[in-house]
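Following: one structure in structure tokens, then a few remarks.
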Number of protein chains: 2
Amino acid sequence: MDQLRALRYFIKVAETGSFTKAASMFSVPPSSLSRRVADLEKSLGATLLKRSTRVVKLTEVGRIYYNDVQNILNQLELSNETVRSYQTTPKGRLRISSMVGFGERILMPLLDAFSEQYPDIVLDVSLSDELSMLGRDEVDIAIRGGYAPNERVLAKKLMDNRFIPVAAPAYLAKHGVPQNAIELRKHDGLYFRTPSGPTPWLCKIDGQWHDVTGRTVAVSNNGQWLIKKACQGQGILMSTRWALASYIQTGELQELTFEHELGINQHTDMAVYLLYQKQRYLVPKVKVAVDFLLASMKN
Amino acid sequence: MDQLRALRYFIKVAETGSFTKAASMFSVPPSSLSRRVADLEKSLGATLLKRSTRVVKLTEVGRIYYNDVQNILNQLELSNETVRSYQTTPKGRLRISSMVGFGERILMPLLDAFSEQYPDIVLDVSLSDELSMLGRDEVDIAIRGGYAPNERVLAKKLMDNRFIPVAAPAYLAKHGVPQNAIELRKHDGLYFRTPSGPTPWLCKIDGQWHDVTGRTVAVSNNGQWLIKKACQGQGILMSTRWALASYIQTGELQELTFEHELGINQHTDMAVYLLYQKQRYLVPKVKVAVDFLLASMKN
DNA sequence: TACATTATTGTCTAAATAACAATAGTGTTT
DNA sequence: AAACACTATTGTTATTTAGACAATAATGTA
């Protein structure tokens, strides 16, 4: 029995919920799938799929097996690709996942240059603040705000990701410049919403964190919109230096500095990390992309 | 092409370094392996093995692929076993790996009772202080002194593993009872050697760790031998409470207590952990063993 | 240089899988 | 309630793929 073929059939049937649909994807008659899956079940001594003529769905063991096998088949495909692309020129589809703001402001401009340099690499970029599963093999490279990756994943620090407070000169003229962090509580605020909720303003005084969140003017997960509002003088915004740099330079926004450390969570060592699977660095397209991005970020 | 078969052939050839030897293990002619491996190489577009009539060895890519594939095949075998044994009575070979001292004094006596309760489980116990690769699938259950496992591995605390200082009454009568940790430096010591080297005596005073190692009388990785020496009054020994309990109870050894915290490394929260892969808990033999050991340790 | 061993290749046989047609079962619709 | 449409399965044949066996070429050793 060709177990691997049986597994591929099983996976597709489980996903489509139909032998016929799955069969059409392999361009073989449904009877083949039926027989192969039956073989597989026989060899395992368990029924993986509960069938009726109308619906096919996974049994309890079936679901367990499906999860395992899907993962295993993905790994195998990765390994095959590694070998196939070994010592060839960088080419193929490169899947990159990035945080939205960072992707728009920093990553994508860089990728334009990257594409020119490596025209044979087809970029597949998805921006999302949800953390995608790097291990589950949906992306080749991920860019995320500081969190600890697992052992198989390498994390390279790209740049600082601490949040700094800014406001428009007009706002400060009208409401006054806060002299210390505690005073922020009396100010108008524009707040980021991360996947885990809106971000407060926090201040560390003598080792203790205090909430210094002000009045809420607006909340959004869209940095650009918040920055626009901040420029219009609608309130104080905390965002990252890389997002604000150009506005601070032109004077549209002004950085506020305080004696005590300010942040949006208690991890003060926030950074933007480039993540990739150690093994995948062997694949030329991944290698050149990692190298390119790391080199670019040094400027 | 039956890729899975080809992979199994490839693996065996790589391991034995010979098509003929590998073929005999599958009870097929060498020509079959030669053809299958050739197919595999063709489909990958890379040569995996460097052959001559006399020696067969892996190429650079071959080695990478071999490592990946071996791991993948192991995982698949585990998944198959999970399904096959799903909701059956506990049986089969159960591979347990444990630290030597703990295995001898605590684990093995328990396993005798376990074997009576589950006669269909064949125990395969190996004692070693080196950390075996749980992920690499050589054992079902591992018992280790406190270290952080990865995400897929569950770690259940079995018991405290802090090191406490003891000495024979005769030793204390002759050399005096040390009144504080610093005085240990003037005493004779019996020291454990772990895989990472001999263990010093450390003492935490006002948040700072100080080395209070005394004169070296003997060093060994064998706890029993060190305990014997301690009982003979040859010096002060730091070992775990579970190893020393019976000797303290009989009065052969006497626990020394100090104002400041004492240890053999800077991790004061040392414990003995039971480790197993999350998924494998579905396999009855693993489940009952984990449950049995955890229940037993509560006494 | 002769020898023994080994991987490979050619050819035939056996096994496994796909193809195709037909059947039986099930949920939906009128 | 009955006809309908769709689907999984099964029987049978054709095709593909792997194994068996003998022969060949290559290579390290004696």
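Note that the structure is a prediction, hence the values are computed from the model and not measured. Letters A, B, ... are given to chains in the order of the sequence lines, protein chains preceding strands, and every chain is numbered from 1. Quick note: numbers below take in every heavy atom, side chains included, and nothing from hydrogens, waters or symmetry partners.
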inquiry  = Tell me if the CD atom of E60(B) is crowded by more than 12 foreign heavy atoms within 6.0 Å.
reply    = no
task = With sequence neighbours left out, write down each residue that passes side chain to side chain contact (heavy atoms under 4.5 Å, CB included) with S220(B), or none if nothing qualifies.
result = N222(B), W225(B), L226(B)
request  = Ignoring backbone atoms, test whether S52(B) places a side-chain nitrogen or oxygen under 4.0 Å from the OP1 or OP2 oxygen of dT6(C).
outcome  = no
ask   = Quick check: are there more than 12 heavy atoms from other residues, nucleotides or ligands sitting under 6.0 Å from CD of E81(A)?
value = yes
task = Under 4.0 Å between any heavy atoms, over every strand shown, what does S31(B) touch: base, sugar-phosphate, or nothing? Just pick one.
result = base
inquiry  = From CZ of R51(B) over to C1' of dA26(D), roughly how many Å is that when rounded to an integer?
reply    = 14 Å
request  = Would you kindly give the OH-to-P distance between Y9(B) and dT17(D), to the nearest whole Å?
outcome  = 16 Å
request  = Would you kindly give the CZ-to-P distance between R54(B) and dT8(C), to the nearest whole Å?
outcome  = 15 Å
ask   = In whole angstrom, what separates R8(B)'s CZ from dA18(D)'s P?
value = 14 Å
Side-chain N,O (T53(A)) to OP1/OP2 (dT7(D)) below 4.0 Å = no
request  = Starting at atom NZ of K21(A), determine the distance to atom P of dA8(D), rounded to an integer number of angstrom.
outcome  = 8 Å
key: DNA chain D: 5'-proximal contact among S34(A) and R5(A) (nearest heavy atom)   = S34(A)
remark   = From CG of L49(A) across to P of dT9(D) the rounded distance in Å is 9 Å
Candidates I96(B), L127(B), L123(B) - the one meeting side-chain contact (heavy atoms from CB on, under 4.5 Å) with M108(B) = L127(B)
request  = Using only heavy-atom distances, decide whether a donor-acceptor pair under 3.5 angstrom links the side-chain of T20(A) to the base of dC6(D).
outcome  = no
request  = Applying salt bridge (charged side-chain N to carboxylate O under 4.0 Å, His left out) between D140(B) and each of R280(B), K287(B), R93(B), report the one that passes.
outcome  = R280(B)
ask   = Just how far, in rounded Å, is P of dG19(D) from CE of M1(B)?
value = 12 Å
ask   = Picking from dA19(C), dT8(C), dG28(D), which would you name as closest to the side chain of V55(B)?
value = dG28(D)
key: Rounded distance (Å) that lies between atom C1' of dG25(C) and atom NZ of K50(A)   = 15 Å
inquiry  = Looking at S32(B), I'd like to know whether one of its side-chain N or O atoms comes within less than 4.0 Å of OP1 or OP2 on dG19(D).
reply    = yes
key: Nucleotide nearest D2(A) (side chain, heavy atoms from C-beta), chosen from dT8(C), dT17(C), dA18(D)   = dT17(C)
ask   = For the side chain of R35(B) and the base of dG10(C), is some donor closer than 3.5 Å to an acceptor across the two?
value = yes
